[in-house]
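Have a look at the structure below before the remarks.
Quick note on labels: first sequence line is chain A, next is B, and so on, each numbered from 1.
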Protein chains: 2
Amino acid sequence: MSTVLENVKLLAPHAGDCCSLATAPLSADDAEQMAGRLKALSDPTRLRVLSHVAAQGCDAVCACDLTETLDISQPTISHHLKKLVEAGLLTREQRGKWAHYTVVREAFAELRQFLALD
Amino acid sequence: MSTVLENVKLLAPHAGDCCSLATAPLSADDAEQMAGRLKALSDPTRLRVLSHVAAQGCDAVCACDLTETLDISQPTISHHLKKLVEAGLLTREQRGKWAHYTVVREAFAELRQFLALD
DNA sequence: TCTTCGGATAGACATTCATCGATACGAGGA
DNA sequence: TCCTCGTATCGATGAATGTCTATCCGAAGA
């Protein structure tokens, strides 16, 4: 539990507003933060999940839609959704008995900025 | 050896000119390709290495500089440089007995495009 | 040709991680 | 208060990965 909370605290807020790859010596701490967020993107299953959510633009997507559409077991999808939320790439919202997810657009803007070489 | 060659063939050429996260159902193959490139970026040591190379702009960086600057063993740096080259993020050039590395700017442009949500 | 030295490879080890079946939790309805 | 069902967690397992020491390769110089 403490691990999860620490990760959220570490990754979620402003993970990318500090630095870019092109700014010369990337500190070990900054590298750790950005690597954490990029690691959340480095799995094909998570990319497919993200794609489905991102395709809805600003609308939220029900987890049940994902379990149906993709050929992946429900625990696995739940696991990946949790990782994406912890990385600050998705937000979760409970509506009745359904969980809905939305992309965090600022997180992607920060990532694109980090990957700029100018 | 064949594994390395296959990865190069798989990842290096135009891995990102096909798709974006926002384009609805990301195919399993596309997800695999992009995840491979992102996985190369998901390690803090590799980000620090990349940062040092990227800071030189279009100039090549000698591997010996990296071994001196960062507090990481020479085989480890060599290992990471190889991964970055395989992912198409760096190019390697041998000059005499020294190896020089340069960032592949198009690869980063493709990544930024992939992470755009529009 | 022998020596030196930068860099890559081999092999080992510990750690992380993706995945799944089984199960627990929790909200809504009967 | 039970039942149903969507979702999260647990536990296990096999695979991938980062790091190191030791060693090898290959180019330049004496």
Review point. Does A/Arg92 put a side-chain nitrogen or oxygen below 4.0 Å from OP1 or OP2 of D/dA8?
Key: yes
Review point. Can you tell me if the side-chain N/O atoms of B/Lys82 get under 4.0 Å from OP1 or OP2 in C/dG7?
Key: no
Using whole Å, what does the distance between atom [atom2] of nucleotide [N] and atom [atom1] of [X] come to?
{"X": "B/Glu68", "N": "C/dC5", "atom1": "CD", "atom2": "P", "result": "14 Å"}
{"X": "A/Ile77", "N": "C/dG21", "atom1": "CD1", "atom2": "C1'", "result": "16 Å"}
{"X": "A/Glu93", "N": "D/dG6", "atom1": "CD", "atom2": "C1'", "result": "16 Å"}
{"X": "B/Leu66", "N": "C/dG7", "atom1": "CG", "atom2": "C1'", "result": "12 Å"}
{"X": "A/Glu86", "N": "C/dA18", "atom1": "CD", "atom2": "P", "result": "11 Å"}
{"X": "B/Tyr101", "N": "C/dG6", "atom1": "OH", "atom2": "P", "result": "15 Å"}
{"X": "A/Leu70", "N": "C/dA18", "atom1": "CG", "atom2": "P", "result": "16 Å"}
{"X": "A/Glu32", "N": "C/dT16", "atom1": "CD", "atom2": "P", "result": "12 Å"}

**Study point:** Annotated protein contacts, base or backbone, on nucleotides 19-30 of chain D with a non-hydrogen cut-off under 4.0 Å, one of B, S, - each
**Key:** BBBB----SS--
Can you find a pair of side-chain heavy atoms, one from [X] and one from [Y], that are under 4.5 Å apart?
{"X": "B/Val103", "Y": "B/Leu90", "value": "yes"}
{"X": "B/Met34", "Y": "B/Leu111", "value": "yes"}
{"X": "A/Leu21", "Y": "B/Phe108", "value": "yes"}
{"X": "A/Leu41", "Y": "B/Phe114", "value": "no"}
{"X": "A/Arg105", "Y": "B/Asp118", "value": "yes"}

Check your understanding: If you find the nucleotide of DNA chain C closest to A/Lys39 and the one closest to B/Ser78, which residue's nucleotide is nearer the 5' end?
Key -> B/Ser78
Review point. How about B/Thr76 and B/Ser73: does a side-chain donor come under 3.5 Å of a side-chain acceptor?
Key: yes
Point to revise | Side chain B/Arg37, main chain B/Leu89, donor-acceptor under 3.5 Å | key: no
